[in-house]
Trainee: 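Have a look at this one.
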Amino acid sequence: MEKKTILLTIRDRHIQDGEADSSELITTGTFQGTAEDFTICYNEQDDALKSCVTTVRVEGQERITMVRTGSTTAELILEKNKRHNCHYNTPYGSFVLGVYAKEIVSQVLPEEACGAVAFRYTLDFNSANSTENELNILFKEATSNVPDC
């Protein structure tokens with residue numbers, strides 16, 4: 001499987017205590033894999049995570065594993081209709097996140113290294129303070145002339 005350079009647009013939205021917040025990141029990264037099992041990897045751009053690398057592995061429509069390495073480390077497992085306890089380590093301390101995936105949708109054209117991944121999930125911090133989250137990742141090969149995938 002050839003690793004390809006991609007352009008990513010990552011849109012994040014979360015709701016906590018009735019307050020919604022969202023962000024968007026446009027960056028480059030890599031894509032490797034098939035339509036049913038692929039990995040996206042990119043460097044974080046947020047000041048607090050500047051030294052971190054995030055790897056997203058998508059396994060069909062059922063499971064996503066997000067691994068962050070660097071000054072902040074985490075491994076979040078999102079499996080449709082299941083809850084996982086995951087550890088999140090920051091320079092300021094560590095805590096446990098409960099992660100429950102409600103929906104996972106991915107559409108990928110591996111030969112063009114383009115596609116989209118969307119997932120909805122809840123996070124709870126030490127079994128309390130739940131947030132609703134949505135993450136949408138759109139990507140295409142960085143050298144591609146494909147306008148929309």
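Small disclaimer: the values here were computed from a predicted structure and weren't measured. The residues of the chain are indexed from 1 along the displayed sequence. Note: hydrogens, waters and symmetry copies are ignored here, and every other heavy atom, side chains too, is used.
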Trainee: If you take all heavy atoms of S106 and G60, which pair is closest and at what distance?
Mentor: OG-O, 3.5 Å
Trainee: Partners of Y88 by ring-ring contact (aromatic ring centres under 6.0 Å, His included), sequence neighbours excluded?
Mentor: F95
Trainee: Is the number of heavy atoms from other residues, nucleotides or ligands under 6.0 Å of E24 CD greater than 12?
Mentor: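 Atom CD in E24 is packed in, count exceeds 12.
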Trainee: Tell me, with the steps shown, if S71 and S51 meet side-chain hydrogen bond (donor to acceptor under 3.5 Å, both in side chains).
Mentor: CA-CA 6 Å; S71 60; S51 65; 3.1 Å; yes
Trainee: Looking at R68 and E44, does any basic side-chain N land under 4.0 Å from a carboxylate oxygen?
Mentor: yes
Trainee: I'd like to know if the side chain of N89 pairs up with that of S94 as donor and acceptor (distance under 3.5 Å, no hydrogens or angles considered).
Mentor: yes
Trainee: Examine the side chains of E75 and H87 and answer whether a donor and an acceptor come within less than 3.5 Å of each other.
Mentor: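 Side-chain D/A pair, E75 to H87: absent.
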Trainee: Is the shortest side-chain heavy-atom distance between E134 and H14 below 4.5 Å?
Mentor: no
Trainee: Rounded to the nearest 0.5 Å, how far does CD1 of I137 lie from OG1 of T9?
Mentor: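 The OG1 atom of T9 sits 10.5 Å away from the CD1 atom of I137.
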Trainee: To the nearest 0.5 Å, what is the distance between CG on L123 and CD on Q16?
Mentor: 9.5 Å
Trainee: Within a strict 4.5 Å, meaning less than it, do heavy atoms of the T30 and I40 side chains meet?
Mentor: no
Trainee: Between T90 and T72, do the side chains contain a donor N or O and an acceptor N or O under 3.5 Å apart?
Mentor: no
Trainee: Any luck finding a side-chain donor-acceptor pair between N81 and R83 under 3.5 Å?
Mentor: no
Trainee: I'd like to check the ring-ring contact (aromatic ring centres under 6.0 Å, His included) partners of F38; sequence neighbours left out, ordered by chain and number.
Mentor: F31
Trainee: So, do N85 and L97 sit near enough that their side-chain heavy atoms are less than 4.5 Å apart?
Mentor: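 SC-SC contact between N85 and L97 ruled out.
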Trainee: Just wondering, do V53 and C41 contact through their side chains at under 4.5 Å, heavy atoms?
Mentor: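 Of all side-chain heavy-atom pairs linking V53 with C41, at least one is under 4.5 Å.
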Trainee: Determine, stepwise, if the pair Y42 / I10 fulfils side chain to side chain contact (heavy atoms under 4.5 Å, CB included).
Mentor: CA-CA 11 Å; Y42 62 93; I10 303 168; 3.5 Å; yes
Trainee: Just jot down the salt bridge (charged side-chain N to carboxylate O under 4.0 Å, His left out) partners of K102, sequence neighbours excluded, or say none.
Mentor: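 So K102 forms a salt bridge (charged side-chain N to carboxylate O under 4.0 Å, His left out) with E132.
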Trainee: Calculate, to the nearest 0.5 Å, the distance between atoms CZ and CZ belonging to F119 and R63 respectively.
Mentor: 13.0 Å
Trainee: Nearest 0.5 Å, what's the OG1-CD1 distance between T28 and I26?
Mentor: 11.5 Å
Trainee: Are F125 and L78 connected, step by step, through hydrophobic side chains (Ile, Leu, Val, Met, Phe, Trp, Tyr) whose heavy atoms are closer than 4.5 Å?
Mentor: yes
Trainee: Would you call L8 and L138 a side-chain contact if the rule is heavy atoms closer than 4.5 Å?
Mentor: no
Trainee: Tell me, do L135 and R11 make a side-chain contact under 4.5 Å, heavy atoms counted?
Mentor: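 Side chain of L135 against side chain of R11, heavy atoms only: no contact under 4.5 Å found.
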Trainee: Check T69 against T73 and note the closest heavy-atom contact, atom names and distance.
Mentor: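 Smallest heavy-atom distance, with atoms named: CA-CG2, 4.2 Å.
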Trainee: Under a 3.5 Å distance rule, please check whether K82 uses its side chain to pair with a backbone N or O of V99 as donor and acceptor.
Mentor: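 The answer is no, because no donor-acceptor pair under 3.5 Å joins these two groups.
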Trainee: What's the separation between atom OG in S130 and atom CG in D124, rounded to the nearest 0.5 Å?
Mentor: 6.0 Å
Trainee: Taking the side chain as every heavy atom from C-beta outward, state whether R57 and T55 have any atom pair closer than 4.5 Å.
Mentor: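 Sidechains of T55 and R57: no contact.
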Trainee: For Q32 and T39, which I'm curious about, is there any donor-acceptor pair between the side chains at under 3.5 Å?
Mentor: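 No - no donor-acceptor pair under 3.5 Å links their side chains.
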Trainee: Shortest non-hydrogen contact from A20 to I15?
Mentor: CB-CG1, 4.0 Å
Trainee: Is it the case that the side chain of Q45 and the backbone of N43 share a donor-acceptor pair, with hydrogens and angles ignored and the cut-off at 3.5 Å?
Mentor: yes
Trainee: Evaluate the side-chain proximity of I64 to V117: yes if any heavy-atom separation is below 4.5 Å, no if none is.
Mentor: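 Touching, per the 4.5 Å side-chain cut-off.
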Trainee: First locate atom CD1 of I104, then atom CD of Q61, and finally report the distance between them rounded to the nearest 0.5 Å.
Mentor: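 One finds 8.0 Å between CD1 of I104 and CD of Q61.
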